[in-house]
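Lettering follows sequence order; numbering is per chain, from 1.
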2 protein chains.
Amino acid sequence: MPEAHKRVKDPQAVRRRLMDEAKKLAIESGISAITVQAVASAAGVTKGGFLHHFPSKQALIDAIFEEVLDQLASEIGARASKDRVAHGAFTRAYIDLAFGGEEPAMDQTWIALSLLMLDDPALRMKWTEWLNDQLSEYGEDQGNVELSIARFAVDGAWLAQHFGVAIPERKSMHEALTKSTFSAGKRG
Amino acid sequence: MPEAHKRVKDPQAVRRRLMDEAKKLAIESGISAITVQAVASAAGVTKGGFLHHFPSKQALIDAIFEEVLDQLASEIGARASKDRVAHGAFTRAYIDLAFGGEEPAMDQTWIALSLLMLDDPALRMKWTEWLNDQLSEYGEDQGNVELSIARFAVDGAWLAQHFGVAIPERKSMHEALTKSTFSAGKRG
DNA sequence: ATAAACATACCATACGAATGGTTTCTTTCA
DNA sequence: TGAAAGAAACCATTCGTATGGTATGTTTAT
């Protein structure tokens, strides 16, 4: 491992680049920009190289999706575990992910996620399951209006951001949304 | 005009069908499902027929997009004009469009809009301009946190809906979001 | 040596687009 | 009024390109 500089070939790195570049392409030019050729070239590899790492284009997409879901879960877990209040902890972590730091954490990742979902019904189902699992794990009621609104607002905000629509100050968004989760009733 | 039933050819209707079927395809199977062949077949026309009405696939997409923006503007205008309170009227109309009736108005349309945008940077810019125009026309500050959150929540909600994620009761969503626009400060 | 990590060459398919022709409608003018 | 002329609406076919994928070669690491 310390002799990584010696290696001419670094398969793991190539695999990483393939996934990262695919995300970039999707974000910059839309999902249809994810072609085997384009991704391979961007990662400095030929199509053959691509198909060595992923048996198909769909496999690449699935891999990205899975990875993103895992990242999301762990990032949320880390934040939610620090939350003193149980009710709405998931949603607050969700908010914090989007508006927490000075720069949006997992911004690219988040957008790529949805771009992939929008073109693939199967991925949409996975997302739905993931979200339901998370919500029930953290004991949040899907019918809760305030919490739902907060989460939807987060989704809408990064979507807007991706579209280039202006967004209010990150700090004030964070504050307002977080506040709304505390006044949220435990039912409805 | 009253003898429209006599006509064997009805170009306007064909044009309509092409646009409608394209929307359907996008919604049901993602944007990549919009191919000239698929749209033409769905509308009961050949590729040649398609290309007679629209010089290119992009032209069809542009036409749909423009139409949707117009529809949206007029629907919002109709609702906002009935609003007694000026501040936040646009956002309330926006909310009402999504959660107003028993069934979401312009649901298909709305989703189709974003699907198209997500794959086309040029359309994204058009949307941004449209939204900015509307906001300034109705005198809403883009920096207003409460109103922005409400609008983002609407966006996130139909996105969720399209993903198959459960959403709280329409009525309570409508109520909560509308309420938030009244308590919204005129600044920030 | 041999297996992994790629590159090269190639294939079948599907796509957007163009072409040329055929049918249907509208206009014009005798 | 009506028929000829032209335009509009549409179909069937074709073409070049790009795509996802395969098959096979070549290099690199262990």
Looking at DNA chain D, which of residues 44-56 of chain A put a heavy atom within less than 4.0 Å of it?
A:Lys47, A:Leu51, A:Ser56
Atom pair [atom1] ([X]) and [atom2] ([Y]), whose distance is rounded to the nearest 0.5 Å:
X	Y	atom1	atom2	value
A:Glu169	B:Ser148	CD	OG	12.0 Å
A:Phe65	A:Leu123	CZ	CG	5.0 Å
B:Arg15	B:His53	CZ	NE2	8.5 Å

Are A:Leu159 and B:Leu118 side-chain neighbours, meaning at least one heavy-atom pair lies under 4.5 Å?
yes
Taking the side chain as everything from C-beta on, heavy atoms only, tell me whether B:Ile111 gets closer than 4.5 Å to B:Leu115.
yes
Which is true for A:Ile34 with a 4.0 Å heavy-atom rule: it touches a base, it touches only sugar-phosphate, or it touches nothing?
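Touches sugar-phosphate only.
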Rounded off to whole Å, could you give me the [atom1]-to-[atom2] distance for the [X] and [N] pair?
X	N	atom1	atom2	result
A:Leu18	C:dA5	CG	P	13 Å
B:Gln12	C:dC25	CD	P	14 Å
A:Gln37	D:dT17	CD	P	16 Å

Nearest to the side chain of A:Val14, which nucleotide is it out of D:dC10, C:dG16, C:dC6?
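For the A:Val14 side chain, the nearest candidate turns out to be C:dC6.
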Nearest of C:dA5, C:dA17, D:dG20 to any side-chain atom of A:Lys57?
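Of the candidates, D:dG20 comes closest.
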When you measure from the side chain of B:Arg170 to the backbone N and O of B:Glu102, does any donor-acceptor pair fall under 3.5 Å?
yes
